[in-house]
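What follows is a short report on a single structure.
Every value quoted in this text rests on a predicted model; they were computed, and no experiment measured them. Heads up: numbering here begins at 1 and tracks the sequence.
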Amino acid sequence: MKIISVSVMAIQLPLRRPFIVAYETYETMPTIIVKLQTDTGYIGYGEATPDQHVTGETWESTYAVLTKVLGPLVLDEHPFNIERIHARMDDALYGCPAAKAGIDIACYDLMGKISGQPVYHLLGGLYHDSLTIPYVLSIKEPEAMAQEAADAVANGYGCIKIKVGLHRDTDIERVHAVRKAVGKSVQIRVDANQGWQNRTDTLYVLQRIEDCNIDWIEQPVVADDLIALADVRRQTTLPIMVDEGLHDVRDMREVIALGAADRINIKLMKCGGLYPALKLVSQAEMARMECQVGSMVESSVATAAGAHLSIAKKNITSNEMVGPLMFTQDIGALNYEGSRLRLSDKPGLGIEVDERMLAEMVCISETVDRK
């Protein structure tokens, strides 16, 4: 069995409302769907959702990498040869993890379909019965965020994630307003997305929200300064999660050595897919650090991949598989029941890709084969 064609389709997913974080405002979400076909007729889908602020990849560059470098490279490979596929991708190209994740996820979808098993059975089996997702608040004025949080709780959500990082004093107001609106029992997590400019600003904010019963503060300093992150961790009582500062196993080694974080946020687009993500989970487990699987706000394809990883691993205790809930149209569907996400036992990712919808969304596409 071998891969005989790689189709790369760049699309724009329509958001229900603008998604606003410290470094960007998204009106639509650009992503790339990868379709692998084998000589025995199996088809696997993957997804590459780049973020130039996190991995240095753009929508356009990722499309070029997949069509000109990685697509041709995996032709004639057996999809189960995932170690060799990753080695060949890494030898051919430094970095570009979102592009590599697109290939990786499609290979796992193929592996599941060929073996007749859901992907989570290839990752360790079913550990969690279902996943609990948070409600994610984009950056708005404090009162608007508080009202949206209260509405989410009224609709059954027990955890709120607050995006901050634009202005330290207003960010403090945002956190306090949301806590007041949702009461004491609802979980709150705060994500600065590198927005605060220095350790002084970071500690200024953290000291003033310590009484808000925060689960953790995520990436409160710039991504490439793990020393600063470790320094902040030593000076606050709030648990610290590293996100943009953690991509691969080398970063993980530094996070552990420096004592830079209490928890890690794994994103398939940062590390290169499911296969490298498994290595990060193992490193975290050895260091007694719990994991979260995050999202670049992906379609049902990459969201399903992250969900399969999350549901298979004991040490993954939180997730943000919320992307499909943020779109008015998607190319597939996942089973959300309020704040719960349940995966099917269908082979592969369990996603029935709507080819008609995908075709309507395509902005540019190319198929790589041996013809």
## Note on the structure
Exactly one of L75, D39, D369 clears side-chain contact (heavy atoms from CB on, under 4.5 Å) with I4, and that residue is D39

### Query
Could you state the interatomic distance from NE2 (H128) to CG (L341), rounded to the nearest 0.5 Å?
12.5 Å

### Query
Taking atom types as modelled, is there a side-chain donor on D51 or Y26 under 3.5 Å from an acceptor on the other?
yes

### Query
Do side-chain atoms of T31 reach the backbone of A48 as a donor and acceptor pair under 3.5 angstrom?
yes

### Task
Measure across P79 and T38 and return the closest heavy-atom pair with its distance rounded to 0.1 Å.
CG-CG2, 4.4 Å

### Query
How many angstroms lie between CH2 in W196 and CG in L166, if you round to the nearest 0.5 Å?
11.0 Å

### Query
Do V6 and V34 touch side chain to side chain, with heavy atoms closer than 4.5 Å?
yes

### Message
Are M286 and M252 linked, directly or through intermediate hydrophobic residues, by side-chain heavy-atom contacts shorter than 4.5 Å (ILVMFWY only)?
### Response
no

### Query
Could E57 and K100 be called an ion pair, given the rule that one side-chain N must be under 4.0 Å from one carboxylate O?
no

### Query
What distance do T25 atom OG1 and F19 atom CZ have between them, rounded to the nearest 0.5 Å?
10.0 Å

### Task
Classify the ring geometry between Y120 and H308 as parallel (under 30°), tilted (30 to 60°) or perpendicular (over 60°).
parallel

### Task
Show your working on side chain to side chain contact (heavy atoms under 4.5 Å, CB included) between H53 and Q194 and close with a plain yes or no.
CA-CA 10 Å; H53 304 282; Q194 313 176 66; 5.5 Å; no

### Summary
Taking every heavy atom of P134 against every heavy atom of V322, the minimum-distance pair comes out as O-CG1, 3.5 Å

### Query
Does a side-chain heavy-atom distance below 4.5 Å link D104 with P276?
yes

### Residue I227 excluded, over 12 heavy atoms near CD1 under 6.0 Å
no

### Query
Do any N or O atoms from the side chain of D330 and from the backbone of P324 form a donor-acceptor pair under 3.5 angstrom?
no

### Query
Is N319 reaching over with its side chain to a backbone N or O of T132, donor-acceptor style, under 3.5 angstrom?
yes

### Message
Looking at T62, is its backbone amide N or carbonyl O close enough to the side chain of E60 to form a donor-acceptor pair, meaning the two atoms are under 3.5 Å apart?
### Response
no

### K313 side chain reached by L278 side chain, heavy atoms, under 4.5 Å
yes

### Query
Any idea which heavy atoms bring S344 and G350 closest together, and the distance?
OG-CA, 4.0 Å

### Task
Walk me through it: do K270 and D243 pass the test salt bridge (charged side-chain N to carboxylate O under 4.0 Å, His left out)?
CA-CA 9 Å; K270 290 188 304 173; D243 178 9; 2.8 Å; yes

### Task
May I ask you to check whether E47 and S299 show a side-chain donor-acceptor distance below 3.5 Å?
yes

### Message
Go through it in stages, so that I can follow the logic: the residues are I3 and Q37, the test is side chain to side chain contact (heavy atoms under 4.5 Å, CB included), and I'd like the CA-CA distance, side-chain angles, deciding distance and then a yes or no.
### Response
CA-CA 6 Å; I3 296 167; Q37 184 169 346; over 6 Å; no

### Message
Y135 vs L325, test: side chain to side chain contact (heavy atoms under 4.5 Å, CB included). Steps then yes/no.
### Response
CA-CA 10 Å; Y135 187 90; L325 297 174; over 6 Å; no

### Message
Please determine whether side chain to side chain contact (heavy atoms under 4.5 Å, CB included) holds for the pair V119 and L274, giving the CA-CA distance in whole Å, both sets of side-chain angles, and the decisive distance to 0.1 Å.
### Response
CA-CA 10 Å; V119 166; L274 289 165; 4.1 Å; yes

### Message
Does any part of the side chain of C291, heavy atoms only, come nearer than 4.5 Å to the side chain of E285, both counted from C-beta?
### Response
no

### Message
Within the structure provided, determine whether L268 and M296 are in side-chain contact (heavy-atom separation under 4.5 Å).
### Response
no

#### Entry: Carboxylate-amine/guanidinium contact R88 D91, below 4.0 Å
no

### Query
If you round to the nearest 0.5 Å, how far is OG of S300 from CG of L334?
5.5 Å

### Task
Say whether, by atom type as modelled, one donor and one acceptor occur between the side chain of H121 and the main chain of G112 under 3.5 angstrom.
no

### Message
Under a 3.5 Å threshold, yes or no: a donor from one side chain and an acceptor from the other, between R189 and S318?
### Response
no

### Message
Taking CZ in R342 as the centre, count heavy atoms belonging to other residues, nucleotides or ligands within less than 6.0 Å. Is the count above 12?
### Response
yes

### Message
Looking at every heavy atom in both F80 and S115, which two are closest together, and how far apart are they?
### Response
CZ-CB, 4.4 Å

#### Entry: Carboxylate-amine/guanidinium contact D171 R174, below 4.0 Å
yes

### Summary
Per side-chain contact (heavy atoms from CB on, under 4.5 Å), L226 is matched among D231, V255, L246 by V255

### Query
What's the spacing between Y42 OH and D109 CG if we round to 0.5 Å?
12.0 Å

### Query
Under a single-linkage definition using a 4.5 Å side-chain heavy-atom cutoff for Ile, Leu, Val, Met, Phe, Trp and Tyr, are I209 and V186 assigned to the same hydrophobic cluster?
yes

### Task
Return yes if some donor-acceptor pair links the side-chain N/O of Q219 with the main-chain N/O of E244 below 3.5 Å, else return no.
yes

### Closest non-hydrogen atom pair, Y23 against N193
CD2-O, 3.8 Å

#### Entry: Ionic contact status for E254 with R250, cut-off 4.0 Å
no

### Task
Please check if V65 and M89 belong to a single hydrophobic cluster, counting links between Ile, Leu, Val, Met, Phe, Trp and Tyr side chain heavy atoms closer than 4.5 Å.
yes

### Message
For N213 and K184, which I'm curious about, is there any donor-acceptor pair between the side chains at under 3.5 Å?
### Response
no

### Task
Count the heavy atoms belonging to other residues, nucleotides or ligands that lie under 6.0 Å from CZ of R288, then report whether that count exceeds 12.
no

#### Entry: Salt-bridge contact R179-D211 (side-chain N to carboxylate O under 4.0 Å)
no

## Note on the structure
Here the gap from R263 atom CZ to I240 atom CD1, rounded to the nearest 0.5 Å, amounts to 12.0 Å

#### Entry: Passing option when E320 is tested against K267, K161, K163 for salt bridge (Lys or Arg N to Asp or Glu O under 4.0 Å)
K161

### Query
Distance-only, no hydrogens or angles: does the Y63 side chain make a donor-acceptor pair with backbone N or O of S365 under 3.5 Å?
yes

### Task
Say whether F327 and V362 are linked into one hydrophobic cluster, either directly or through other cluster members, by side-chain heavy-atom distances under 4.5 angstrom.
yes

### Query
Tell me, do R16 and M326 make a side-chain contact under 4.5 Å, heavy atoms counted?
no

### Message
Determine whether a donor-acceptor pair (N or O, by modelled atom type, separation under 3.5 Å) exists between the side chain of T202 and the backbone of P220.
### Response
yes

### Query
Would a hydrophobic clustering, with Ile, Leu, Val, Met, Phe, Trp and Tyr connected at side-chain separations under 4.5 Å, put V301 with V8?
yes

### Task
State, to 0.1 Å, how close A149 and V182 come at their nearest heavy-atom pair, and which atoms those are.
CB-CG1, 3.7 Å

### Task
For residues I32 and M9, determine if any side-chain heavy atom of one lies less than 4.5 Å from a side-chain heavy atom of the other.
no

### Note, I133 side chain near Y157 side chain (heavy atom, < 4.5 Å)
yes

### Any donor-acceptor pair under 3.5 Å from T236 side chain to R233 backbone
no

